[in-house]
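Below: the structure, in structure tokens.
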Amino acid sequence: GPRACGRCRRAAYCGPEHQALDWRGGHRRFCGQLAAGDDSAGAIPEHNEFLFPEYEILIEPEEPESPADSSGDPGDEQGTVDPSKDPKEQEELRATGSAAFQSLDEETLEAMAKHETEEDKIFQTFKERIAAEPEQIIRYCRGGEGPIWVSGENIPEEKDIPNCLCGAKRIFEFQIMPQLLNHLQVDSLGESIDWGTLVVYTCADNCGEGNEYLEEFIWKQDFSAGS
């Protein structure tokens with residue numbers, strides 16, 4: 001972090017909130033020893049009481065979707081008659097099924113058709129897309145295919161994404177997946193953090209040189225109530 005403890009000048013922080021947490025968590029005693037010239041305290045301890053755990057992120061290309069297997073036996077489809085049953089039982093099944101379908105009026109059928117809403121379809125697409133790698137925490141695709149959304153609500157339009165400070169447009173670069181929440185252990189902070197996906201938009205011209213951080217734009221989408 002860019003901020004150093006004003007007393008011992010050895011502990012670094014990203015801001016005053018974390019410095020206050022560390023002070024209450026034990027740096028007060030450690031800092032006093034250093035200020036008194038006692039080097040036996042050793043190195044600055046890790047701030048495990050308020051920092052997220054660190055991991056190595058493995059990057060792999062997404063496997064192309066394979067075509068659906070069309071070699072299945074039509075008899076495996078739902079609603080077909082099992083050939084292992086005797087003819088009389090098959091006839092009873094056919095009669096029962098026909099009666100069930102005949103008993104559904106047009107209003108009921110229409111209600112069933114509307115059950116799968118557009119919202120359901122979007123969330124289903126999200127689940128199917130990540131099913132191959134359910135533990136993925138980041139999806140990266142700068143300037144290419146857009147993000148996969150978890151909901152049909154709160155999807156930004158182009159006007160919602162502000163231009164970069166240099167004046168260039170910001171474009172989609174990567175999205176952070178909800179699976180990351182399983183690894184952050186945020187309960188130790190006494191805070192609640194949740195999201196459906198976090199979508200990061202960066203400068204299309206990739207402006208900026210050197211080692212300084214540049215401000216980019218993030219869009220937070222939550223899971224809808226129905227999902």
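Just so it is clear, the model here is predicted, and its values are computed rather than measured.
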Of the non-hydrogen atoms in Arg3 and Gly15, which two are nearest, and what is the gap between them? CD-CA, 3.6 Å
Between Glu145 and Arg129, is the closest basic N to carboxylate O distance under 4.0 Å? yes
Measuring only between side-chain heavy atoms, which start at C-beta, is Val150 closer than 4.5 Å to Trp195? no
Considering only heavy atoms from C-beta outward, does the side chain of Asp222 approach that of Asp194 to under 4.5 Å? no
Closest heavy-atom pair, Tyr201 versus Arg170, reported as atoms and distance to 0.1 Å, is O-CD, 3.5 Å
Would you sort out whether Thr202 and Arg142 count as a side-chain contact (heavy atoms from CB on, under 4.5 Å), showing the intermediate values? CA-CA 9 Å; Thr202 62; Arg142 176 176 167 83; 2.6 Å; yes
With a 4.5 Å limit on heavy-atom distance, are the side chains of Glu62 and Glu133 in contact? no
Determine the minimum heavy-atom distance between Arg139 and Phe172, stating which atoms define it. O-CZ, 4.3 Å
Within one Ile-Leu-Val-Met-Phe-Trp-Tyr cluster: Val200 and Phe217, side-chain cutoff 4.5 Å: no
Are Leu198 and Trp149 linked, directly or through other ILVMFWY residues, by side chains that come within less than 4.5 angstrom of each other? no
Provide the closest heavy-atom pair for Gln175 versus Pro147 in the form atom of the first, atom of the second, distance. OE1-CA, 3.3 Å
Residue pair Glu173 / Tyr140, side-chain donor-acceptor N/O under 3.5 Å: yes
Has the side chain of Gln136 got a donor or acceptor atom that lies under 3.5 Å from a matching backbone atom of Met177? no
Measure across Cys5 and Gln19 and return the closest heavy-atom pair with its distance rounded to 0.1 Å. CA-NE2, 3.9 Å
Using a 3.5 Å cut-off and no angle test, enumerate the donor-acceptor pairs between side-chain atoms of residues 155-165 and protein atoms at least two apart in sequence or in another chain.
unit_1 : atom_1 : unit_2 : atom_2 : d
Glu158 : OE2    : Lys169 : NZ     : 2.7
Asp160 : OD2    : Glu157 : N      : 2.8

Is there a donor-acceptor pair under 3.5 Å between the side chain of Asn154 and the backbone N or O of Trp219? no
Is there a path of hydrophobic side-chain contacts, each under 4.5 Å between heavy atoms, that joins Phe223 and Ile130? yes
Should Ile218 and Leu184 be regarded as members of a common hydrophobic cluster, given that ILVMFWY residues are connected when their side-chain heavy atoms come within less than 4.5 Å of each other, either directly or indirectly? yes
Considering all heavy atoms of both residues, which atom of Ala204 and which atom of Ile171 are nearest to each other, and what is their separation? CB-CG2, 3.9 Å
Find the distance between CG (Asp22) and CZ (Arg28) and round it off to the nearest 0.5 Å. 11.5 Å
Restricting to side chain to side chain contact (heavy atoms under 4.5 Å, CB included), what partner residues turn up for Glu135, sequence neighbours left out? His183
Parallel, tilted or perpendicular: rings of Phe123 and Phe126 (30°, 60°): parallel
Could you work out, with side chain to side chain contact (heavy atoms under 4.5 Å, CB included) as the rule, every residue matching Ile57, not counting sequence neighbours? Ile59, Ile137, Ile138
